[in-house]
Student: 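This is the structure I want to talk about, given as structure tokens.
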Amino acid sequence: SAVLSRDFVLAAKLYKNVLRSTPEDINVMSKLANCYIRGSEDRKALQVCLDILKLDCNNFDILNKLGGIYRRLCMYHESVAVLERALTLGKNSTDVYYNMGQTYKVMGEYVDAEECFNTVIEENPNDVLAYNHLGSIQALRGDHSKAVLSYSKALQIDPNHPILHFNIAASYEALGKFADAQQSYENAL
């Protein structure tokens, strides 16, 4: 009930109480880490995830989750390292590549980020958000023509996505295509 009502502080307290009687319950520990993440307490989530890895060093979900935690804590190299470790487990690589692409993007490693999002798109050609990230990376690199193509592909999948309309508008504007930009801004609204 606490999680459903988004009271993550209370939910974390309740999970910690459960852990007093079963301190190595990975399922409860994982739920506690999720509460910390959702409550914007990444440092606490980090410690719980590291504790879980002591019990299960090949826990794919925790490794992938750690990639996001490290990224939000600006520990980018740790993020990439833990995500590469998750990839070796051979599970849902799409989630890992998506997470890794976001890390490379904030690091400014745009070529690596593009490769990650292209991998996601190869596995799931209908992933609108991967196209959006790809387009935003291309825009950051100054290649607005490519960005427009990426955003356009995403808009073919989800024609009512306001963020895509906004992003494509910004690229049209950068290209000097003001009529297209205006139409896309209006579509975003």
Side-chain angles (χ1 to χ4, degrees), residues 33-34 37-38 40 42 45-46 49 59-189:
N34 285 339
I37 290 168
R38 294 180 73 191
S40 300
D42 280 329
L46 173 64
C49 288
N59 189 312
F60 172 83
D61 293 328
I62 295 302
L63 291 169
N64 192 35
K65 194 174 306 235
L66 266 174
I69 292 169
Y70 281 136
R71 180 180 59 253
R72 289 188 299 277
L73 293 174
C74 301
M75 301 170 70
Y76 304 126
H77 296 290
E78 291 85 346
S79 176
V80 170
V82 77
L83 292 169
E84 286 176 347
R85 187 169 148 203
L87 280 175
T88 65
L89 298 177
K91 293 193 178 176
N92 190 349
S93 63
T94 303
D95 286 348
V96 178
Y97 279 114
Y98 192 92
N99 209 352
M100 193 179 294
Q102 290 180 306
T103 299
Y104 281 133
K105 183 178 172 183
V106 291
M107 291 173 71
E109 301 288 336
Y110 299 136
V111 172
D112 291 328
E114 272 191 75
E115 285 179 24
C116 288
F117 288 115
N118 278 323
T119 300
V120 171
I121 291 166
E122 285 172 16
E123 302 231 352
N124 181 6
N126 292 322
D127 192 319
V128 172
L129 296 179
Y131 281 112
N132 184 54
H133 280 292
L134 187 59
S136 69
I137 292 163
Q138 293 159 337
L140 286 168
R141 294 175 71 190
D143 194 344
H144 290 281
S145 295
K146 269 189 176 177
V148 165
L149 291 174
S150 294
Y151 296 138
S152 294
K153 288 178 184 175
L155 285 166
Q156 288 174 355
I157 300 163
D158 185 356
N160 297 316
H161 199 293
I163 293 171
L164 288 169
H165 284 290
F166 180 83
N167 288 344
I168 199 169
S171 284
Y172 279 139
E173 191 172 0
L175 292 168
K177 297 182 176 184
F178 300 116
D180 291 333
Q182 181 178 350
Q183 181 61 53
S184 292
Y185 281 129
E186 288 173 7
N187 290 342
L189 292 172

Student: State the CD-OG1 distance between Glu78 and Thr103, to the nearest 0.5 angstrom.
Tutor: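 Spacing of CD (Glu78) from OG1 (Thr103) equals 11.0 Å.
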Student: Is the closest side-chain heavy-atom distance between Gln102 and Phe117 below 4.5 Å?
Tutor: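 Side-chain contact under 4.5 Å: yes.
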Student: Taking Ser184 for its side chain and Ala181 for its backbone only, find out whether a donor-acceptor pair lies under 3.5 Å.
Tutor: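 No.
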Student: Above 12 or not: heavy atoms from other molecules or residues under 6.0 Å from CG of Leu129?
Tutor: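 Atom CG in Leu129 is crowded, with more than 12 foreign heavy atoms closer than 6.0 Å.
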Student: How long is the gap from CZ on Phe166 to CG on Leu189, to the nearest 0.5 Å?
Tutor: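 Interatomic distance, Phe166 CZ to Leu189 CG, rounded to 0.5 Å: 9.5 Å.
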Student: Side-chain contact, heavy-atom cut-off 4.5 Å: Asn64 with Lys91?
Tutor: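 Asn64 vs Lys91: side chains apart.
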Student: Measure across Gly68 and Asn99 and return the closest heavy-atom pair with its distance rounded to 0.1 Å.
Tutor: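 Closest approach of Gly68 to Asn99, heavy atoms only: N-ND2, 3.6 Å.
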Student: Is there side-chain contact between Met107 and Val80, with at least one heavy-atom pair below 4.5 Å?
Tutor: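 Met107 vs Val80: side chains touch.
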Student: Ignoring hydrogens, what is the shortest heavy-atom contact between Gly101 and Ala113? Give both atom names and the distance.
Tutor: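 Shortest heavy-atom contact: O-CB, 3.6 Å.
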Student: Could you give me the CA-CA distance, side-chain angles and deciding distance for Leu63 and Leu83, then say whether side-chain contact (heavy atoms from CB on, under 4.5 Å) is met?
Tutor: CA-CA 6 Å; Leu63 291 169; Leu83 292 169; over 6 Å; no
Student: Checking the side chain of Arg72 only, and the main-chain atoms of Ser40 only, is there a donor and an acceptor separated by less than 3.5 Å?
Tutor: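 Absent.
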Student: Do you know which two heavy atoms are closest between Ala45 and Ala33, and how far apart they sit?
Tutor: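 In this case the closest contact between Ala45 and Ala33 is CB-O, 3.7 Å.
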Student: If only atom types and distance count, is the side chain of Tyr151 paired as donor or acceptor with the main-chain N or O of Ser136 below 3.5 Å?
Tutor: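 A pair under 3.5 Å: yes.
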Student: Centroid separation under 6.0 Å, is that true for the rings of Tyr70 and Tyr76?
Tutor: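 Aromatic pair excluded; centres sit 6.0 Å or further apart.
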Student: Going by heavy atoms in the side chains, are Val111 and Arg141 under 4.5 Å from each other?
Tutor: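 When only atoms from C-beta onward are counted, Arg141 and Val111 do touch, with a gap below 4.5 Å.
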Student: Any donor-acceptor pair under 3.5 Å linking the side-chain atoms of Gln183 with those of Asn187?
Tutor: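 Yes, Gln183 and Asn187 have a side-chain donor paired with an acceptor closer than 3.5 Å.
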Student: Is any side-chain heavy atom of His165 closer than 4.5 Å to one of Glu186?
Tutor: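 Side chain of Glu186 against side chain of His165, heavy atoms only: no contact under 4.5 Å found.
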Student: For Ala130 versus Ile121, what's the shortest heavy-atom pair and its separation?
Tutor: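 Shortest heavy-atom contact: CB-CG1, 3.8 Å.
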Student: Any side-chain to backbone donor/acceptor pair from Asp42 onto Leu73? Under 3.5 Å, distance only.
Tutor: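 Answer holds: no.
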Student: Say you draw a straight line from CG of Leu149 to OH of Tyr131; how long is it, rounded to the nearest 0.5 Å?
Tutor: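 These two atoms lie 11.0 Å from each other.
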Student: For a quick test of reading the model, state the closest non-hydrogen atom pair linking Ile69 to Ile37 and the distance between them.
Tutor: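 Reported closest heavy-atom pair: CD1-CD1, 3.8 Å.
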Student: Write down the atom of Gln138, the atom of Ser150, and the distance for their closest heavy-atom approach.
Tutor: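 Closest heavy-atom pair between Gln138 and Ser150: OE1-OG, 2.7 Å.
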Student: Output, in order, the C-alpha distance, side-chain angles, deciding distance and verdict of side-chain hydrogen bond (donor to acceptor under 3.5 Å, both in side chains) for Tyr97 and Glu123.
Tutor: CA-CA 10 Å; Tyr97 279 114; Glu123 302 231 352; over 6 Å; no
Student: Starting at CG of Leu134, measure out to NZ of Lys105 and round the result to the nearest 0.5 Å.
Tutor: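 Interatomic distance, Leu134 CG to Lys105 NZ, rounded to 0.5 Å: 9.5 Å.
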Student: Please examine the side chains of Ile137 and Tyr104, heavy atoms only from C-beta on, and report whether any two atoms are closer than 4.5 Å.
Tutor: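 SC-SC contact between Tyr104 and Ile137 ruled out.
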Student: Are Phe178 and Tyr172 packed together at the side-chain level, in the sense that at least one heavy-atom pair is separated by less than 4.5 angstrom?
Tutor: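 They are not in contact (no side-chain heavy atoms under 4.5 Å apart), so the answer is no.
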Student: Is a side-chain donor or acceptor of Ser79 paired with a backbone partner of Met75 at a separation under 3.5 angstrom?
Tutor: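 Checking the backbone N and O of Met75 against the side chain of Ser79, no donor-acceptor pair under 3.5 Å is found.
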Student: Distance from His144 atom NE2 to Lys177 atom NZ, nearest 0.5 Å?
Tutor: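 These two atoms lie 12.0 Å from each other.
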Student: Nearest 0.5 angstrom please: Ile168 CD1 to His161 NE2, how far?
Tutor: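 Result: 13.0 Å between the selected atoms.
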